[in-house]
Novice: 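Below is the structure I would like to discuss, written out as structure tokens.
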Amino acid sequence: MRLLAAALLLVALSLPLAACGEGREDNAVEAMERNVFELGGLRYRVAMFRQLNPRIPPDRALYDGPLEGGVGLFAAFLIACNESDEPRPPTAAVQLEDSFGEVYPQVAVLADNPLLYSPEPIQPDRCLPVEDGTADRSLPGAAVLFKVPFDALSNRPFVLEFRGSEDDEAAVQRVQVDL
């Protein structure tokens with residue numbers, strides 16, 4: 001009788017926990033910074049995630065604009081490779097999210113900067129950044145920029161979310177990054 005009562009108590013306590021996940025979107029992280037993942041027929045790697053200092057020349061080449069007080073500029077340096085037989089565009093939908101679900105979209109920047117990530121089609125057997133290009137020689141990858149309030153930096157871990165093309169909107173890859 002005592003065993004039956006213990007089993008019923010265990011079931012009763014586990015029912016509310018089992019219902020917690022119902023109706024929620026799966027926010028699992030598929031990869032960590034520096035791991036390779038696939039999306040839309042391309043292989044991606046977040047080579048590095050770090051805060052930028054636009055006052056120094058190397059970082060000023062990525063962003064030369066004003067920053068409001070209390071906000072930091074961060075860059076995800078990405079590598080995307082096409083190992084298929086046809087050109088493929090990398091995803092344009094990359095956003096940063098903190099552990100509380102606050103989303104930080106990409107910072108709008110000048111499109112002609114060769115150091116920045118661009119969703120232009122990648123030719124077969126090629127990567128972004130272009131081999132021997134400016135970004136390839138000077139950075140760990142093509143940069144995607146985000147503005148994050150300094151008071152949100154304690155909301156770790158941060159996750160980069162990559163969404164597939166319009167043809168495959170269900171495709172999502174989430175990569176945990178370190179500050």
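Here, residue 1 is the first one in the sequence, and each next residue gets the next number. Everything quoted here is computed from the prediction, not taken from an experiment.
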Novice: Taking it one step at a time, do Phe162 and Phe37 satisfy ring pair (Phe, Tyr, Trp, His ring centres under 6.0 Å)?
Specialist: CA-CA 10 Å; Phe162 297 79; Phe37 64 93; 5.0 Å; yes

Novice: Give me each pair satisfying salt bridge (charged side-chain N to carboxylate O under 4.0 Å, His left out) with a member in residues 61-80, each pair once, sequence neighbours excluded.
Specialist: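 Applying salt bridge (charged side-chain N to carboxylate O under 4.0 Å, His left out) to every pair that reaches into residues 61-80, excluding sequence neighbours, yields Glu68-Lys147.
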
Novice: For Pro119 and Pro89, work out which heavy atoms get closest and say how close.
Specialist: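 The pair with the smallest heavy-atom distance is O-CB, 4.0 Å.
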
Novice: For the residue pair Pro90 and Leu42, establish whether any side-chain heavy-atom pair is separated by less than 4.5 Å.
Specialist: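 Yes, their side chains come closer than 4.5 Å.
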
Novice: How long is the straight-line distance from CG of Leu62 back to CZ of Phe77, given to the nearest 0.5 Å?
Specialist: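 The distance works out to 5.5 Å.
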
Novice: Determine whether Tyr104 and Asp98 satisfy the following criterion, side-chain contact (heavy atoms from CB on, under 4.5 Å), listing intermediate values before the conclusion.
Specialist: CA-CA 8 Å; Tyr104 307 96; Asp98 68 21; 3.0 Å; yes

Novice: Kindly compute the distance separating SG (Cys127) from OH (Tyr44), expressed to the nearest 0.5 Å.
Specialist: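 Taking SG in Cys127 and OH in Tyr44, the distance rounds to 11.5 Å.
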
Novice: Given side chains that start at C-beta, do those of Val175 and Asn35 come closer than 4.5 Å, heavy atoms only?
Specialist: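 The answer is no; the side chains never approach within 4.5 Å.
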
Novice: CG of Asp178 to CD of Glu33: how many Å apart, nearest 0.5 Å?
Specialist: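 CD of Glu33 is found 6.0 Å from CG of Asp178.
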
Novice: Could you check if a side-chain atom of Gln95 sits within less than 4.5 angstrom of a side-chain atom of Gln106, using non-hydrogen atoms only?
Specialist: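 No - every pair of side-chain heavy atoms lies 4.5 Å or more apart.
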
Novice: If hydrophobic clusters are built by linking Ile, Leu, Val, Met, Phe, Trp and Tyr wherever their side-chain heavy atoms come under 4.5 Å apart, do Val159 and Val36 end up in the same one?
Specialist: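 Cluster IDs for Val159 and Val36 differ.
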
Novice: Report the C-alpha separation of Val148 and Leu96 in whole Å, then their side-chain angles, then the decisive distance to 0.1 Å, and conclude whether the side-chain contact (heavy atoms from CB on, under 4.5 Å) test is met.
Specialist: CA-CA 9 Å; Val148 179; Leu96 183 66; 3.7 Å; yes

Novice: Just how far is it from atom OH of Tyr63 to atom CG of Leu145, taken to the nearest 0.5 Å?
Specialist: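 One gets 8.5 Å once the value is rounded to the nearest 0.5 Å.
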
Novice: Report whether Val94 and Val46 are members of the same hydrophobic cluster (ILVMFWY, side-chain heavy atoms less than 4.5 Å apart, transitive linking).
Specialist: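 In one cluster: yes.
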
Novice: Can you confirm whether Pro54 sits close enough to Leu73 that some side-chain heavy atom of one is under 4.5 Å from a side-chain heavy atom of the other?
Specialist: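 Counting from C-beta outward, Pro54 and Leu73 do come under 4.5 Å.
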
Novice: Indicate the ring-plane relationship of Phe74 and Phe49, choosing parallel, tilted or perpendicular according to the 30° and 60° boundaries.
Specialist: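 Phe74 and Phe49: parallel rings.
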
Novice: Enter the distance from Arg43:CZ to Ile79:CD1 here, rounded to the nearest 0.5 Å.
Specialist: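 The CD1 atom of Ile79 is 11.5 Å from CZ of Arg43, to the nearest 0.5 Å.
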
Novice: Which residue pairs satisfy the disulfide (SG to SG under 2.5 Å) criterion with at least one member in residues 33-63, sequence neighbours excluded?
Specialist: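 Not a single pair qualifies under disulfide (SG to SG under 2.5 Å).
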
Novice: Just so I know, are the side chains of Pro157 and Ser99 near enough to count as touching, which here means a heavy-atom distance under 4.5 Å?
Specialist: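 Side chain of Pro157 against side chain of Ser99, heavy atoms only: contact under 4.5 Å found.
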
Novice: Stepwise, does the side-chain contact (heavy atoms from CB on, under 4.5 Å) test hold for Asn82 with Asp125?
Specialist: CA-CA 5 Å; Asn82 182 0; Asp125 297 319; over 6 Å; no

Novice: Could you walk me through whether Tyr117 and Leu128 pass the side-chain contact (heavy atoms from CB on, under 4.5 Å) check?
Specialist: CA-CA 8 Å; Tyr117 178 84; Leu128 174 71; 3.6 Å; yes

Novice: Is Arg50 salt-bridged to Asp59, going by a charged N under 4.0 Å from an acidic O?
Specialist: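 Salt bridge flag = yes for Asp59 with Arg50.
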
Novice: If you compare all heavy atoms of Ala47 against all heavy atoms of Pro140, which two are closest, and at what distance to 0.1 Å?
Specialist: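 Taking Ala47 first and Pro140 second, the nearest heavy atoms are CB-O, 3.3 Å.
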
Novice: Nearest 0.5 Å, please: how far is CD in Glu38 from SG in Cys81?
Specialist: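 Taking SG in Cys81 and CD in Glu38, the distance rounds to 11.0 Å.
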
Novice: Just so I know, are the side chains of Arg34 and Met32 near enough to count as touching, which here means a heavy-atom distance under 4.5 Å?
Specialist: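 Counting from C-beta outward, Arg34 and Met32 never come under 4.5 Å.
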
Novice: Report yes if some heavy atom in the side chain of Arg163 is under 4.5 Å from a heavy atom in the side chain of Gln173; otherwise report no.
Specialist: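 No, too far: nothing below the 4.5 Å cut-off.
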
Novice: How close do Leu160 and Ala76 get, heavy atom to heavy atom, and via which atoms?
Specialist: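 Taking Leu160 first and Ala76 second, the nearest heavy atoms are CD1-CB, 3.5 Å.
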
Novice: Quick one: do Glu97 and Arg174 make a salt bridge, cutoff under 4.0 Å?
Specialist: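 Looking at Glu97 and Arg174, the cut-off is met.
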
